[in-house]
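A short worksheet on the structure shown next.
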Amino acid sequence: MKYIQETMKESIITAINEKFDIQKDEIEFSIPPKRDFGDLSTTIPFILAKKHKQKPFLIGKEIIELIKDKFSFVDDIKLANGGFINFYFNKNYFLKDIFSNKDRAIEKTGRKIIVEHTSINPNKSAHIGHLRNSCLGDTLVKALEYTGNEVEIQNYIDDTGIQLADVVWGVLKHQNKTLDEIKKIDNLSSYLWKLYTEVHKLSDDDGILLEQKKTLHQRIEDKKNPEYEMGDFISKAVTTDHINVMNKLGIRYDLLIKESDIITLDFFKEASEILKKTGIMYLSDDPKKENCWVIKYKKENIEKIIIRSNGTITYIGKDIAYTLWKIGHFTKDFFYTAFYKYEDEKTIYISEDKKTDTDDKLMNNFGKADMVYNVIDTRQSYLQNIILQILNTLSNNTNSRNFSHFSYEMVALTQNCAKEMGFDISEEQKEKSFVEVSGRKGIAIKADDLIDRMKNKALIEVEKRNTDLKKEQINSIAEKIAIGALRYFMIKYNSKSLIVFDFDEVLAFEGDTGPYLQYTLVRINSILNKIGDDNLNIGDNLNIDLLEKDELSDYYNNLLNLSLLEHQIDFAIKSDEISLISNYTYSICQKFNNYYHKYPIVSEKNKEIKNLRISLLLLTKNRLEKLFSILGIPVPERM
RNA sequence: GCACCCAUGGCUCAAUGGAUAGAGCAGCUGACUUCUAAUCAGCAGGUUGGGCGUUCGAGUCGCUCUGGGUGCGCCA
C-alpha cells in the first residue's frame with residue numbers, strides 16, 4: 001500500500017497542479033471508517049478549500065474530473081460528505097499486487113542509528129521498570145532495522161555512580177567481605193538487591209556514614225583499591241546478569257559504554273571546547289554561580305551549571321560528552337574489547353580507557369551515527385531537553401532530526417500488589433493511587449521473578465491443553481508464551497501512560513495480550529500443516545469476485561488492513577510511538593480470527609475459493625511473522 | 001513558584017484534525033461429533049473532567065478552571 005500511495009500522490013499532483021497549488025507532503029491518505037466509503041480516502045479538497053477560498057465540494061468535483069482516468073487499478077472515485085475523495089480499487093489488482101509484493105525487500109537507507117537503552121545501574125537485579133525500557137528500546141531497534149537502517153545498540157554502564165558505591169560500601173565496610181568471598185556468591189545481583197536496601201536504610205540519616213560513602217565513592221572514581229577493584233567486579237558481574245535476563249527476552253546489545261572511561265579519557269574536555277567555542281557554554285554572571293560554566297536552558301530560562309566553581313563537572317556534562325561522541329562530533333574515541341558472547345557467537349564489546357588486543361577493524365566502527373535515540377524515562381526530560389537544545393544549536397540544520405529522547409512514563413505498582421509482595425510502604429505512599437517503584441527501597445518485582453511466575457502460569461495452561469507433549473516441549477512452549485505475554489504487555493500501552501502494575505494484568509493470557517497474537521499465528525500454521533505443501537500452489541489466477549458478498553467484504557477488509565504494514569511501521573517510528581505497532585498487530589489478529597470462524601478453509605470444496613482463502617492465510621502469516629519479529633514475540637509450535 | 005505530562009464505559013486502554021468514539025477485562029446470552037474455544041458472535045455499558053474559542057469538521061489544536069502525576073541542587 002505504501003507504494004500504491006506514493007504512485008497515487010505523484011499522479012494526482014501531475015494531474016491537478018496546473019489548477020491547484022498543492023505539495024506532495026500535504027497529501028494524506030487514510031483508510032475510510034466504512035467499506036461503503038471506498039478503500040482509500042483523501043481530504044485534498046478541504047486543504048485546497050482554504051488556499052483557494054472555494055467550497056470543498058466544488059473543488060472535489062473538479063479534482064475528480066481531472067484524475068478520474070489516471071489510475072489503472074482504480075475502478076471508481078466518488079466524492080462524499082462535503083469533500084472526501086474516496087477511491088474504489090480494482091480488488092483483483094489490489095490482491096495480486098499485495099500478494100506478489102509480500103516479500104519485497106525494503107531498501108537500505110544508508111543511515112546509521114544508535115539506540116541507547118537498558119542502562120541499568122550495575123548494582124542489583126533488573127526489575128519491571130527496567131523491563132519497560134528494554135522492551136521499548138529493543139522494539140524500536142527492530143523497527144528501525146526493518147525499515148532499512150543500520151542500528152548500533154548501546155547500553156550505558158554507570159560504573160562510578162553512587163548506587164554502585166553504596167553496595168561496595170555494603171560489602172567492604174558493612175559486611176567486611178573480600179573480593180574472593182564476593183566472587184563465590186551465587187546470584188550476586190539478587191544478593192546485592194537485599195544489601196542495597198539495607199545500606200539505604202542504615203544511611204538514611206547517618207551523617208558519618210554518608211561521609212564515609214562519599215569518600216569511598218571518590219576512591220572508586222580515582223581507581224583506588226580495594227574499592228575500585230570491588231566496584232569493577234560487581235559492575236561487570238551484575239551487568240552480565242542483566243544481559244542474561246534480557247537475552248531470555250530476545251533483547252541484545254552491541255556495545256557497553258562505561259562511565260569510568262568517559263571520565264578517564266576526559267571526553268568532557270573536547271565537548272567543553274566545542275561548547276565554549278560556539279558560545280553555548282559560558283561563564284555565568286550570576287553572583288551565586290561565580291566561576292561556574294553554564295548553559296542557558298531556553299525553555300525555562302534557567303542557567304544549568306555544567307562546570308562547578310571548583311572545576312569539576314556535573315552529571316549532565318558526561319551525558320553531553322557521550323551524546324556528542326555518539327553523533328560523531330568528536331575526534332576522540334574509546335578503546336574496545338570483547339565482553340560477552342551470545343550462543344550464536346555474536347559479541348558484545350565494551351569500552352576501555354587504553355589499548356587492548358581486540359582487532360582494530362572493529363574499533364573504528366562504533367559511534368558516528370546519523371541519528372541517536374536515548375531511551376530513558378520521562379523523569380529525565382529536563383536534562384535530555386538540554387542535550388537536544390545543544391544538538392539543535394550545533395547542527396543549525398533545523399529540519400533534520402538527529403536526536404530523540406525516546407521517553408516513556410514509569411512503571412508503578414498497585415497498592416494491592418505492593419501489599420501482596422509484603423513491601424514496607426511509607427504512610428505518605430499509602431495515600432497515593434499507586435506505589436512508585438524503587439530499587440533503593442526494594443519496592444519492585446525482579447525481572448527474573450516475573451518471568452518465572454509467568455512461565456509457571458503458562459506451564460499449567462499448556463499442560464492442560466497438550467497432554468500428549470513431552471516435558472521439554474511443554475517447557476519450551478511455556479517459555480515462549482511467557483516471553484510473548486511480557487513483551488506485549490510492556491509495549492502495548494502508550495508511552496505517555498503510567499503502567500500501574502498488577503499481576504492479574506501481566507498474567508492475563510486472553511484478549512488483548514501476547515498469547516492471543518501467538519494463538520492466531522499458531523492456528524494459521526496448524527491449518528497450513530493440514531493443507532500440506534502440495535496444495536499451496538497459489539497462481540496468478542485468483543479471482544476475488546468469486547466470493548459471496550459478505551465474504552468478499554470480510555476478505556477485503558482483512559486485505560486492506562494487511563496492506564498497511566510498511567505504512568504503520570513508518571508511522572510508529574515517525575511518531576516515537578511503539579505501541580502503534582502492537583495495536584496494529586492486534587487488529588490483524590482480530591480480523592483474521594473473525595474471518596476464520598466464518599469461513600472454512602481445509603474443507604472448502606470449491607478449489608478457487610479455497611485458493612483465495614489460502615492466499616489470505618499466507619498473507620496474514622507473512623505479516624504476522626514480520627511483526628512478531630519486530631515485537632520480539634516468539635512463535636510457539638503449538639498452544 | 002516555574003516547566004512538562006495525564007484525565008475517554010464499572011476497570012485497563014485505542015482512536016494520524018475527518019465520516020456513526022473503538023477494543024479487552026468484568027457482567028449477561030449463545031457457538032466446540034466440523035481447520036486449536038488462549039477463539040468467535042451477540043446484549044448491556046459514553047454529555048471523551050468543566051467552560052470558552054479556532055475550524056467546513058475537535059476526544060485530538062489554543063486559552064482557562066478543576067483534579068492527578070513528574071521534573072526543577074555547585075547530588076548522580
Side-chain angles (χ1 to χ4, degrees), chain A residues 28 30 32-34 36-37 41 43 45-46 49-50 55-57 80-84 86 121 158 160-163 165 214 217 259 288-292 294 297 299-302 304-310 312 314-316 318 377-383 385 407 409-410 412 432-434 436 458 461-462 464-466 481 485 492-494 496-500 502 504-505 508-513 515-520 522-524 526-531 567-568 571 574-575 577 579-580 583 586-587 589-590 593-604 613 617 638-639:
Chain A
E28 297 228 357
S30 63
K34 262 177 84 174
D36 294 355
F37 297 146
S41 175
T43 54
F46 290 118
K50 261 184 204 130
K55 290 225 155 65
F57 181 74
N81 238 311
F84 290 93
N86 295 333
N121 272 316
D158 185 0
T160 58
I162 286 183
Q163 288 86 348
K214 210 174 155 189
H217 182 206
E259 180 164 292
K288 279 187 229 145
K289 295 173 180 163
E290 206 183 342
N291 292 324
C292 289
V294 297
Y297 179 45
K299 205 167 183 175
E300 295 182 43
N301 201 21
I302 290 171
K304 175 71 192 159
I305 294 171
I306 311 295
I307 306 180
R308 302 186 188 98
S309 53
N310 66 4
T312 56
T314 57
Y315 168 73
I316 188 177
K318 294 165 209 162
D377 82 58
T378 178
R379 284 172 295 190
Q380 294 254 18
S381 291
Y382 167 54
L383 295 180
N385 277 336
S407 78
E409 258 295 348
M410 48 175 183
K432 295 195 172 179
S433 56
F434 59 83
E436 195 181 343
E461 296 294 321
V462 181
K464 208 160 59 187
R465 292 157 214 255
N466 299 280
I481 292 170
K492 75 171 193 175
Y493 302 97
N494 185 301
K496 279 173 184 162
S497 75
L498 178 78
I499 296 182
V500 184
D502 200 287
D504 288 347
E505 271 172 56
F509 292 168
E510 286 165 24
D512 184 9
T513 65
Y516 173 90
L517 306 187
Q518 291 172 315
Y519 189 73
T520 310
V522 166
R523 170 187 264 165
I524 289 173
S526 157
I527 299 170
L528 286 169
N529 271 338
K530 280 240 157 83
I531 293 168
H567 182 79
Q568 290 292 340
F571 184 63
K574 195 176 103 194
S575 29
E577 188 51 79
S579 64
L580 291 170
N583 288 349
Y586 181 59
S587 79
C589 292
Q590 266 190 321
N593 282 328
N594 169 287
Y595 184 85
Y596 156 90
H597 269 269
K598 285 193 196 162
Y599 312 103
I601 298 169
V602 175
S603 63
E604 175 56 44
R613 292 181 186 160
L617 197 70
R638 279 174 59 173
M639 277 180 82

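We name chains A, B, ... by the order of the sequence lines, and we start the count at 1 in each one. Both backbone and side-chain heavy atoms feed into the values below; hydrogens, waters and symmetry mates do not.
- Pair assignment for B/U36: none, as no Watson-Crick or G-U wobble contacts are both less than 3.5 Å.
- Across all strands shown, B/C74 forms no Watson-Crick or G-U wobble pair with both distances under 3.5 Å.
- B/G73 and B/U16: their P atoms are spaced 35 Å apart (whole Å).
- Ring orientation note: the planes of A/Tyr595 and A/Tyr599 are tilted relative to one another, at an angle of 30° to 60°.
- Across B/G49 and B/C6, the matching C1' atoms stand 12 Å from one another, rounded to whole Å.
- Searching all strands for a Watson-Crick or G-U wobble partner of B/A7 with both distances below 3.5 Å returns B/U66.
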Nucleotides 69-76 of chain B: protein proximity per nucleotide (B base, S sugar-phosphate only, - neither; heavy atom, under 4.0 Å): SSBS-BSB
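- B/A21 and B/A58: their P atoms are spaced 13 Å apart (whole Å).
- On the P atoms, B/G17 is 31 Å away from B/G45, given to the nearest whole Å.
- Residues A/Leu383 and A/Lys304 form a side-chain contact, since some pair of their non-hydrogen atoms from C-beta on lies under 4.5 Å apart.
- Remark: aromatic rings of A/Tyr382 and A/Tyr297 are close, center separation under 6.0 Å.
- Smallest separation of non-hydrogen atoms from A/Ile481 and A/Phe509: CG2-CE1, 4.2 Å.
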Extract from the structure each pairing of a protein N or O with an N or O of nucleotides 20-23 of chain B at less than 3.5 Å, listing the distance.
| unit_1 | atom_1 | unit_2 | atom_2 | d |
| --- | --- | --- | --- | --- |
| B/U20 | O4 | A/Lys34 | NZ | 2.1 |
| B/A23 | O3' | A/Gln590 | NE2 | 3.1 |
| B/A23 | O2' | A/Tyr586 | OH | 3.2 |
| B/A23 | O2' | A/Gln590 | NE2 | 3.3 |

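- In this structure, CG of A/Asn593 is placed 9 Å from P of B/A41, rounded to the nearest angstrom.
- With sequence neighbours excluded, the residues satisfying side-chain contact (heavy atoms from CB on, under 4.5 Å) with A/Lys34 are A/Asp36, A/Phe37.
- A/Tyr516 and A/Asn593 make their closest contact through OH-ND2, 3.0 Å (heavy atoms, listed as atom of the first residue, atom of the second, distance).
- B/C72 and B/U54 have their P atoms separated by 39 Å, given to the nearest Å.
- A/Asn529 comes within 4.0 angstrom of no nucleic acid atom, judged by non-hydrogen atoms across all strands.
- Across every strand in view, B/G42 sits in a pair with B/C28 that passes the Watson-Crick or G-U test at under 3.5 angstrom.
- Counting to the nearest Å, the P atom of B/A15 and the CG atom of A/Leu580 are 6 Å from each other.
- The same atom, P, is picked in B/C32 and in B/G18; the two are 42 Å apart, to the nearest Å.
- In terms of heavy-atom proximity, A/Met410 sits nearest to A/Leu498 at O-CD1, 3.3 Å.
- Among the heavy atoms of the strands, none lies under 4.0 Å from A/Asn385.
- As judged by a 4.0 angstrom heavy-atom cut-off over every strand, A/Ser41 is placed among the base-contacting residues.
- Here the shortest heavy-atom pairing between A/Ser309 and A/Glu290 reads CB-O, 3.4 Å.
- Using a 4.5 Å heavy-atom threshold, the side chains of A/Lys464 and A/Glu461 count as touching.
- Residue A/Ser381 holds its OG atom at 8.5 Å from NZ of A/Lys299, rounded to the nearest 0.5 Å.
- Here the closest heavy-atom approach between residue A/Ser603 and residue A/Pro600 is recorded as OG-CB, 3.4 Å.
- With rounding to whole Å, A/Ile499 atom CD1 is found 15 Å from B/C6 atom C1'.
- Note on A/Asn594: a side-chain N or O is less than 4.0 Å away from OP1 or OP2 of B/A41.
- With sequence neighbours excluded, the residues forming a side-chain hydrogen bond (donor to acceptor under 3.5 Å, both in side chains) with A/Arg638 are A/Asn466, A/Asp468, listed by chain and number.
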Distances for protein N or O near nucleotides 34-38 of chain B N or O, under 3.5 Å:
| unit_1 | atom_1 | unit_2 | atom_2 | d |
| --- | --- | --- | --- | --- |
| B/C35 | O3' | A/Lys530 | NZ | 3.2 |
| B/C35 | O2 | A/Ile601 | N | 3.1 |
| B/C35 | O2 | A/Val602 | N | 2.7 |
| B/C35 | N3 | A/Ile601 | N | 2.9 |
| B/C35 | N4 | A/Tyr596 | O | 2.4 |
| B/C35 | N4 | A/Tyr599 | O | 2.9 |
| B/U36 | OP1 | A/Ser526 | OG | 2.6 |
| B/U36 | OP2 | A/Lys530 | NZ | 3.3 |
| B/U36 | O2' | A/Tyr519 | OH | 2.1 |
| B/U36 | O2' | A/Arg523 | NH2 | 3.4 |
| B/U36 | N3 | A/Met639 | O | 3.1 |
| B/U36 | O4 | A/Met639 | N | 3.1 |
| B/A37 | OP2 | A/Arg523 | NH2 | 2.9 |
| B/A37 | OP2 | A/Tyr596 | OH | 3.1 |
| B/A38 | OP1 | A/Tyr519 | OH | 2.9 |
| B/A38 | OP2 | A/Arg465 | NH1 | 2.2 |
| B/A38 | O5' | A/Arg465 | NH1 | 3.4 |
| B/A38 | O4' | A/Arg465 | NH1 | 3.4 |
| B/A38 | N9 | A/Arg465 | NH1 | 3.4 |
| B/A38 | N7 | A/Arg465 | NE | 3.4 |
| B/A38 | N7 | A/Arg465 | NH1 | 3.3 |

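- A/Asn86 approaches A/Ser41 most closely through the heavy-atom pair OD1-OG, 3.0 Å.
- Taking CG of A/Leu617 as the reference point, atom CD1 of A/Ile601 lies at 4.5 Å (rounded to 0.5 Å).
- The pairing partner recorded for B/A19 is none, the criterion being a Watson-Crick or G-U wobble arrangement whose two distances lie under 3.5 angstrom.
- If you check every strand for non-hydrogen atoms under 4.0 Å, A/Glu577 touches nothing.
- Judged by a 6.0 Å distance limit and a 45° cone about the ring axis, A/Arg523 is positioned over the six-membered ring of A/Tyr596.
- As a whole-Å value, the separation of A/Asn583 CG from B/G24 P is 13 Å.
- Taken to the nearest 0.5 Å, the SG atom of A/Cys589 stands 10.0 Å off from the CG atom of A/Asp512.
- Between the C1' atoms of B/G67 and B/G51, the separation comes to 15 Å (whole Å).
- Across B/U60 and B/U8, the matching P atoms stand 13 Å from one another, rounded to whole Å.
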Contact list (N/O, under 3.5 angstrom) for nucleotides 53-61 of chain B vs protein:
none

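- Summarising the geometry, the separation between CD1 on A/Ile524 and C1' on B/U39 is reported as 13 Å, rounded to the nearest angstrom.
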